[in-house]
Amino acid sequence: MKEYNFTEIEQKWQNNWRAQQVYKVTENPNKPKCYVLSMFPYPSGAGLHVGHPLGYIASDIYARYKRLKGFNVLHPMGYDSFGLPAEQYAIQTGQHPAVTTENNIARYREQLDKIGFSYDWDREVRTSNPEYYKWTQWIFIELYNSWYNPNTDKAEPIDTLAKQFSASGFCGVDDSVLTGGVELDFPPFTAQDWNNFSEEKREEVLSGFRLAYLSEAYVNWCPQLGTVLSNDEVKDGVSERGGYPVERKLMKQWSMRITAYAARLLNDLEGLDWTESLKETQRNWIGKSQGASVHFNVQDKPFDIEVFTTRPDTIFGVSFIAVAPEYEFLPDLLEGDYVDDVMQYVEQAKNRSERDRMADVKRISGAFTGAYAIHPFTGKEVPIWVADYVLAGYGTGAVMGVSAHDSRDFAFAKHFNLPILPVVKIPAEHDLNTASYDAKEGQLTNSDFLNGLDVKDAIKKAIEYIEKGGHGKGKTNFRLRDAIFGRQRYWGEPIPVYYKNGMPQCIPADKLPLVLPEIDKFLPTEDGEPPLARAEKWMWNESKGCVDSEGYPIETTTMPGWAGSSWYFLRYMDPKNNTDFVGQDAVNYWRNVDLYMGGSEHATGHLLYVRFWTKFLYDRGFIPENEPAQKLINQGMIQGRSNFVYRFIWSYMGGNSDVEEFPPLFISSGLIQKIDNPEIQSLIITKANSIIKRFDPKGSLMMIPVLDNPIVKYRSLHVDVNMVNNDILDIKAFMAWREDFKNAEFIFEDGKYICGSEVEKMSKSKHNVVTPDNIVADYGADTLRLYEMFLGPLEQSKPWSTQGIEGVHRFLKKLWRLFYDAEGNVIVTKEAADKKELKSVHKLIKKVGEDIEHFSFNTSVPAFMICVNELMDLKCNKHEILENILICLHPYAPHITEELWATLGHSGSIADAQFPVFNAEYLVEDSFSYPVSINGKHRTNIEFSLNATQAEIEPVVLADELVQKWLEGKTPKKIIFVKGKIINMVV
RNA sequence: GCGCAUGUGGCGUAAUUGGUAGCCGUGCCAGACUUAGGAUCUGGUGCCGAAAGGCGUGGGGGUUCGAGUCCCUCCAUGCGCACCA
């Protein structure tokens, strides 16, 4: 081949790989395994842009490298194909989401194929495929049939709980961990009670423990989307997808008891090789806080209020108790006039949406209940208030107000004139009139038995006393909430449950999948039921064991988007298994993911849920690992770089013609920058007038230059970045872009139209989307792959820019020329390599190997360039050298290396080659040009043998002319000599 | 407010982990080949300065023979969390 024809080469090898099944992988116990996974995409209608493949390319390089290193590499890809956008599109167009999803997947696949990934496509999974979601449903049933045993600290089948109840009853649960309800508050019952309970009663009790359960709870309801959302799908009070307002609504919902795993999800982060910021995000989200729960008796009432506090040491500083508006026992506290007043306040507070509540955090509101609590230690009366700053969902929904040492309590106390009682010594510089003293340090005062203690010790001692006196106990609390699991939507996995006399029953596992029914419209029913209620047949016929038009009603909500993605990494191991979600042989071989690549936006969603399900499946003995991915890398986002043109707004004197009659006039960016300059103004006005003259030869219209009052106005406009090269607008393409631009006029600078630019998110509406397809067409996939890595460290976000892609492309052409001359003759020789050549290539072998092991993919690219440049200079075309370069480069540029590998005479794929072994001997130097510094300032270099000792070099250095000059006749106090590094003299 | 991350030429970045700051690429300047453009190749290019030389890794301070790298402090940008008791 005469020159590097990337299009031909890439197609040839992509076809060859497919035909030869080069990337097919099977379990092979004789080889170490390596599981490399990229987070699978949601196939959106927009297709892939250049940002998507960044992570895919990096993981592909790693996967290919590991294979060259002798690993058996699992590197699959699939689609997270259930989800809201396809359904929203279906609502708008009537197209079945399955159809649009199928089309989108086809487009994704086409784009992915062009980039040359080493995926084993035989293992593809799609979450919307019934063969796949059959097992998602199966896992749901397992979750439903499990409970979390706090004593063994793991999930167990629900029968073990039922057996326990029937054998020894229930004496209250070990609640040393308050997770927001692993157990509902059931009164204790005996074994006999249990055995006498009705079926319904037993079920009610058990449902308080199941890991998948129905409950009435306040949820994030999004009216525009017509569904509830989980906490991670709500950002700043609006839906993450679409940005629609979210309300709080009390609904009966399927939930997942992820809170049972809060402690393990938190603790196990420790051992994971994930970025610190990602782990920190998860820690914040789980939100562990340690403290105590304390019971305050209510005066003249037969019950008490339990509060959670992290500062039990400040208990003597309590000046009020505050409960949430939703507090369960609030009505019981109220008497007389207070009933109406307080309930009115409560109504008002409850109806404020989450967003309103967050919008004015500063506004303090509350109401006195008229009731008093009794301080457990002092016996004093403490007023009980309702306050909306207290959250119903956190802790017990009640707090003890310590206004001197908590800023929120302080603000509340100030507002309602409640006492402020300092119990920790306030430093002199702190003014307790303006702010509370929240720091967890200092000595306790006014606190009886705690006086004189340090805060830390006081906390311990306070808990001791609280427990001794039976007022409460030390507790750990988590911010993490149970995850709402039902969605009032069509395009998701049906929840495999039907209702018999109102009691949920699971569909038998052998009757799965419960297939999504066909419906006429993808909207909720007229009476607000989810779309599935539209299905003609959506009843479970128990005797026939199938969906039917009669029988028991089947659940009409579907699973959320994260259900299918919470276990997909397991299905790739054994995607065609139809008797099990994953076969034991496969899962015991592949175990879990060695390298997981994906965006950090999944930190509190997918990455928490997949850990939860993995731990659950592990507890139940289905899989051997309790974490999905040991190593995780968040690839940075590639932002768009938008380009702008500046359209002149016509405003002229004389006449009343329609503005439309003048052609659109665009002003180059550099002139816009200096628009206030009178010269630029008059330049533009002259041009405008010349255009006006053409349309109005009589000259009744004209732009009037008013130099001290600029009249040039313009509007900036996004222009399609694909018509712009290095900010220079392609005028022809631009004029053809839109009908109304066909007669556009321009004011150039240096004969060019320069566009303005800005970094924004890559999106269609901003006309800044660059697809990999275009890059592949212009430069080839190998250049795209190298260039995306060359952009910088993988984790860093950066705007897309093609500045520099030429350089990477040129490198591949240079590589080609090491193999072929200008006439297309192979010029590779069998000559033995010399020392310089071996040194060059072994430097590369070392660098590339280390870089890939450290996931520093960007730094390898310059190493390749350096090596090829060196070999060019050395005029080296030697087989043994070139062969090693190809193997090193293969993970980055698989097509050209396959082609040249064949050029070298190999018949098999280079993917089956072995990564060359680095030999340090080739890098050994016998001399080194030592930098010589005087007082730390580099002055000269002197060459010495690497064997030279300090004693040997000193006289030579001191005799050096330049050194003499800088020493200015002084004698150095000290000479520092570091072998192979530096010589430094202190004067 | 709290937490995490980042800050180096015109630009993307690199730096053996405490040892010659700026590799490689781009851009720019000069040149070769070419009718021209493109492609290719050669040389130069941190800043100030005519030069000698000085300055230089967000600012200030410190440790050290020596700091982009370690410590303290401040600033800027990005991300996450945020009435979580």
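This one's a predicted model, so the numbers in the text were calculated from it and none came from an experiment. Throughout, protein chains are lettered first and strands after them, A, B, ... in sequence-line order, and every chain is numbered starting at 1.
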Which nucleotide, [options], lies nearest any side-chain atom of [X]?
X	options	value
Trp285(A)	C55(B), G19(B), C81(B)	C81(B)
Tyr394(A)	G25(B), A85(B), G80(B)	A85(B)
Glu280(A)	A39(B), U20(B), C4(B)	C4(B)
Lys814(A)	A15(B), G12(B), C41(B)	C41(B)
Trp966(A)	G54(B), U20(B), A85(B)	G54(B)
Pro862(A)	A85(B), G10(B), C24(B)	C24(B)
Asn984(A)	C4(B), U17(B), G66(B)	G66(B)

*Dot-bracket pairing map - RNA chain B, Watson-Crick plus G-U, both contacts under 3.5 Å, | cross-strand*: (((((((..(((......[....)))((((((.......))))))(((....)))..(((((..]....))))))))))))....
How is [X] classified with respect to the nucleic acid when contacts are heavy atoms under 4.0 Å: base, sugar-phosphate, or nothing?
X	result
Glu795(A)	nothing
Lys965(A)	sugar-phosphate
Asn858(A)	sugar-phosphate
Asp409(A)	nothing
Lys979(A)	nothing
Ser289(A)	sugar-phosphate
Val978(A)	base
Lys973(A)	nothing
Leu791(A)	sugar-phosphate
Arg810(A)	sugar-phosphate

*Start with the C-alpha gap between Arg311(A) and Asp406(A), add the side-chain angles, then the distance that decides, and say whether side-chain contact (heavy atoms from CB on, under 4.5 Å) holds.*
CA-CA 9 Å; Arg311(A) 293 294 301 274; Asp406(A) 181 286; over 6 Å; no
*Using atom P of each nucleotide, how far apart are U69(B) and A51(B) to the nearest Å?*
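That atom pair is separated by 31 Å.
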*Euclidean distance for P, G3(B) against G54(B) (whole angstrom)*: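 Here G3(B) and G54(B) have their P atoms 43 Å from each other.
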*Within 6.0 angstrom of Glu328(A) CD, more than 12 heavy atoms from elsewhere*: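 Counting neighbours around CD of Glu328(A), 12 or fewer heavy atoms of other residues, nucleotides or ligands fall under 6.0 Å, so no.
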Side-chain N,O ([X]) to OP1/OP2 ([N]) below 4.0 Å:
X	N	answer
Tyr930(A)	U20(B)	no
Arg479(A)	A85(B)	no
Arg939(A)	G54(B)	yes
Arg817(A)	A39(B)	no

_Within the 4.5 Å heavy-atom criterion, are Leu632(A) and Leu607(A) side-chain neighbours or not?_
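In contact.
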_Any side-chain heavy-atom pair of Ile61(A) and Arg785(A) under 4.5 Å_ =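 Sidechains of Arg785(A) and Ile61(A): in contact.
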*Is the closest basic N to carboxylate O distance between Lys473(A) and Glu306(A) below 4.0 Å?*
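No, this pair does not count.
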*For Ile364(A) and Phe416(A), run side-chain contact (heavy atoms from CB on, under 4.5 Å): C-alpha distance rounded to whole Å, both residues' side-chain angles, the deciding distance at 0.1 Å, then the answer.*
CA-CA 9 Å; Ile364(A) 293 156; Phe416(A) 289 107; 4.0 Å; yes
*In terms of the nearest nucleotide of RNA chain B, which residue is placed more toward the 5' end: Met400(A) or Lys847(A)?*
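Taking each residue's closest nucleotide, the earlier one in sequence belongs to Lys847(A).
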*Which comes earlier along RNA chain B counting from the 5' end, the contact point of Lys846(A) or that of Val986(A), where each point is its nearest nucleotide?*
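On the 5' side of the pair lies Lys846(A).
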*Within this structure, what is the CG-to-P distance between Asn634(A) and G80(B), rounded to whole angstrom?*
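To the nearest whole Å, that distance equals 12 Å.
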*Is U16(B) in the syn or the anti form, by the rule that syn lies within 90° of 0?*
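Anti.
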_Chi-based syn or anti call at G9(B), which uses purine or pyrimidine torsion atoms and a 90° bound_ =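 What G9(B) shows is a syn base, its glycosidic angle lying within 90° of 0.
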